[in-house]
Amino acid sequence: MRLSRSLLPTLKETPAEAQIVSHRLMLRAGLVRQTASGIYAWLPAGYRVLHNIARIVREEQDAIGAQELLMPTIQPAELWRESGRYEGYGKEMLRIRDRHDRELLYGPTNEEMITDLFRQSVRSYRELPQSVYHIQWKFRDEVRPRFGVMRGREFLMKDAYSFDIDQAGAVLSYRRMMLSYMRSFQRLGLQAIPMAADTGPIGGDLSHEFIILAPTGESQVFFDAAFEEIDYSQGGFDARSPEDLARFYGLMTSHYAATDEKHDAAAFAALAPERRREGRGIEVGHIFYFGTKYSRAMNFSVTTADGSSVHPEMGSYGIGVSRLVGAVIEASHDEAGIIWPDAIAPFRAALLNLKPGDAACDGLCESLYARLGGAALYDDREERAGVKFNDADLLGHPWQIIVGPRGATAGKVELKRRASGAREELSPEAALAKILG
RNA sequence: CGGGGCGUGGCGCAGUCUGGUUAGCGCGCGUGUUUUGGGUACACGAGGCCGCCGGUUCGAAUCCGGCCGCCCCGACCA
């Protein structure tokens, strides 16, 4: 992308409405613009990040055999009356009427809808277990939206639903999903910790929330360093193996982890000092096993091997995709701006032409840009070097290729690593190899 | 939903209490000169229904009433 032709409105000053660092940086870096309280437009660079996060989450869902589908944002009130939640959900649900005065709502979640879809077509135990997910916009009419994209009213969420024939199967689905979550967060460059949680309005028996560490997180968290050392990869655990899932779940639940409300100082103190970890955390995911709550209320049953019928055991699993954009920034930034993890950066590299109009600089930049393609944001603007440096740091590209007249004539570029600040002068080929390699 | 605050060029703000020149300042934007590896300097210039509606007044950004929007603290939440 050429910066001179991009909708990437960086700001020198912070808009007054932004309080927390991720909100400020998202506005300043031109990732989003607020359209109404808690509702944001995603500008090109921000949208790329959102896509990248969604892609990783999707890959990890697919990897455990969950099927992607897409359910609508607007739902009929009738479905929610069946489960009893239309009345129960409260003012957070955005209720709408169409021209025929039919009651609709903008979905805050999809348990009812997916249960309806399953009951329409799934009749036999032979068709289960199944897990499905979608990545779709949700709306919760928060009384008080804040923290920018971290607590908006409209947000992008990955929500998954599992259907099993019995509790044993449902527990496996639950554990498998937990593994997928830990892998997703790890790939996003985040340290995540699962913690036992209350089930809230979703209801159910078993629930964990996933907290990621960020210095500006909303709650204090305490945990065992063991979480940092676990290998969540395919090599570490096979998601198809019940034994591996049991071992994994054992690790997740046997080590100490708690937010300040549930913190047990004595238990924490019992850990060896070098294993005690403490920090601030942000909730980015939540999983629930709630049994037959919806299948029973909505009369979804399947026949079993012996000819009787049962209500399938269900679970639902959410990841706040748009919230993660803010959460990642909270976890990874400095005074100059954002520091994107390589996996989700909008661009792998910023290509800084320090002297547009200079034949050597232009020529070298054009050839580098052609080689980098969509991986690079080419700063071809007629701006001072300082402006470009500052914008590149603010945007947080993992790499910066700096092309100035001095180096260009000598066939050299400077490569800067955003996270460490390390710079080195090297040949264009070597720089490309590092960035693309 | 309780409490507090704010709406003035794209952004950050002053002016409002105490009504009265052409409504200011910084940044940004445009043109020119200058500068050329960390937000350069100078000059000139464009850009404002002062959130909206109504009222008071000879006169309203400023006073009064209503409405709308946004932010912060708390309770609540992926």
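So that the names make sense, note that chain A is the first sequence line, chain B the second, and so on, each numbered from 1. Computation of the quantities below employed the complete heavy-atom set of this structure, encompassing side-chain atoms and omitting hydrogens, waters and symmetry-equivalent molecules.
- Taking the centre of each ring, A/His255 and A/Phe223 stay at or above the 6.0 Å mark.
- Taking the C1' atoms as reference points, B/rC71 lies 39 Å from B/rC58, given to the whole Å.
- Here A/Lys158 lies out of heavy-atom contact (under 4.0 Å) with every strand.
- Among the protein residues, A/Glu414 comes within range of the nucleic acid bases, having at least one heavy atom under 4.0 Å from a base atom.
- Atom CD in A/Glu283 sits about 10 Å away from atom P in B/rC77, given to the nearest Å.
- B/rA46 and B/rG2 are spaced 49 Å apart, taking the P atom of each and rounding to whole Å.
- In this structure, A/Asn390 places its CG atom 16 Å from P of B/rC27, rounding to the nearest Å.
- When heavy atoms are screened at a 4.0 angstrom cut-off, A/Gly318 is found touching no nucleic acid atom at all.
- Across all strands, A/Lys355 comes closer than 4.0 Å to no nucleic acid atom at all (heavy-atom distances).
- A/Ser37 has no side-chain polar atom (N or O) that falls below the 4.0 Å cut-off from OP1 or OP2 of B/rG69.
- Checked against B/rC71, B/rC73, B/rG39, the side chain of A/Glu17 finds its nearest nucleotide in B/rC71.
- Here the P atom of nucleotide B/rG37 and the CG atom of A/Asn353 are 13 Å apart, to the nearest Å.
- Between A/Arg323 and B/rC77, a side-chain N or O to OP1/OP2 separation shorter than 4.0 Å is absent.
- For B/rC73 and B/rG66, the P atoms lie 28 Å apart once the distance is rounded to whole Å.
- B/rU16 and B/rG20: their C1' atoms are spaced 14 Å apart (whole Å).
- Residues A/Ser316 and A/Glu111 bring a donor and an acceptor atom of their side chains to less than 3.5 Å of each other.
- Base pairing of B/rG69: its partner is B/rC6, meeting the Watson-Crick or G-U wobble criterion (both donor-acceptor distances under 3.5 Å).
- Distance A/Leu354 CG to B/rU40 P: 14 Å, rounded to the nearest Å.
- Among the nucleotides B/rG74, B/rC77, B/rG37, the one closest to the side chain of A/Ala385 is B/rG37.
- Taking the six-membered ring for Trp and the full ring otherwise, A/His311 and A/Phe163 have centroids separated by 6.0 Å or more.
- Side chain A/Arg151 to base B/rC77: a donor-acceptor pair is found below 3.5 Å.
- For A/Ser332 (side chain) and A/Ile329 (main-chain N/O), no donor-acceptor pair under 3.5 Å exists by modelled atom type.
- The pair A/Asp342-A/Arg417 meets the salt-bridge criterion, since a charged nitrogen lies less than 4.0 angstrom from a carboxylate oxygen.
- Here, B/rC67 and B/rU21 have their P atoms 32 Å apart, quoted to the whole Å.
- A/Tyr378 and A/Tyr369 have tilted rings, their planes meeting at an angle from 30° to 60° on a 0 to 90° scale.
- Within 4.0 Å of A/Leu11, counting heavy atoms only, lies no atom of the nucleic acid at all.
- Straight-line distance from the CD1 atom of A/Ile211 to the P atom of B/rA78: 11 Å, rounded to whole Å.
- Checking the phosphate oxygens (OP1, OP2) of B/rG69, no side-chain nitrogen or oxygen of A/Gln34 falls inside 4.0 Å.
- When each of B/rG74, B/rC71, B/rG38 is scored by its nearest atom to the side-chain atoms of A/Phe389, the top-ranked nucleotide is B/rG38.
- When each of A/Gly407 and A/Ala16 is assigned the nucleotide of RNA chain B bearing its nearest heavy atom, the one mapping closer to the 5' terminus is A/Ala16.
- Across all strands, A/Leu352 comes closer than 4.0 Å to no nucleic acid atom at all (heavy-atom distances).
- Closest to the A/Asp393 side chain, of the nucleotides B/rG38, B/rC76, B/rC71, is B/rG38.
- If you check every strand for non-hydrogen atoms under 4.0 Å, A/Thr14 touches sugar and phosphate atoms only.
- Nucleotides B/rA60 and B/rC1 place their C1' atoms 35 Å apart, quoted to the nearest Å.
- With no hydrogens or angles considered, a side-chain donor-acceptor pair links A/His286 and A/Glu283 at under 3.5 Å.
- Rounding to whole angstrom units, CZ of residue A/Arg146 and C1' of B/rA78 are separated by 14 Å.
- B/rG39 and B/rG7 have their P atoms separated by 33 Å, given to the nearest Å.
- Side-chain nitrogen and oxygen atoms of A/Arg144 include at least one within less than 4.0 Å of the OP1 or OP2 phosphate oxygen of B/rC72.
- Taking every side-chain heavy atom of A/Ala36 into account, B/rC70 is the closest of B/rC70, B/rA75, B/rG37.
- Between A/Lys91 and B/rC1 there is a side-chain polar atom (N or O) within less than 4.0 angstrom of OP1 or OP2.
- If you measure from atom CZ of A/Arg384 to atom P of B/rU33, you get 16 Å, rounded to the nearest angstrom.
- Across all strands shown, B/rC1 forms a Watson-Crick or G-U wobble pair, both distances under 3.5 Å, with B/rG74.
- Following rounding to the nearest Å, A/Asp391 (CG) and B/rG28 (P) show an atom-to-atom distance of 12 Å.
- No contact: A/Ala18 has no heavy atom under 4.0 Å from any strand.
- Taking atom C1' on both B/rU57 and B/rG19, the two are 9 Å apart, rounded to the nearest angstrom.
- Between A/Thr35 and A/Glu92, the residue anchored nearer the 5' end of RNA chain B, judged by the nucleotide with its closest heavy atom, is A/Thr35.
- Residue contacts shown for A/Gly148 are absent, as no nucleic acid heavy atom lies under 4.0 Å away.
- In this structure, a donor-acceptor pair under 3.5 Å is absent between the side chains of A/Tyr294 and A/Glu82.
- At a threshold of 4.0 angstrom between heavy atoms, the contacts of A/Asp159 with the nucleic acid are absent.
- Ring-centre distance between A/Phe155 and A/Trp137: not below the 6.0 Å cut-off.
- Pairing for B/rA43 is with B/rU31, a Watson-Crick or G-U wobble pair whose two hydrogen-bonding atom distances lie under 3.5 Å.
- The residue A/Glu13 sits close to a base: some heavy atom pair falls under 4.0 Å.
- Which of B/rA75, B/rG39, B/rC70 sits closest to the side chain of A/Lys12 comes down to B/rG39.
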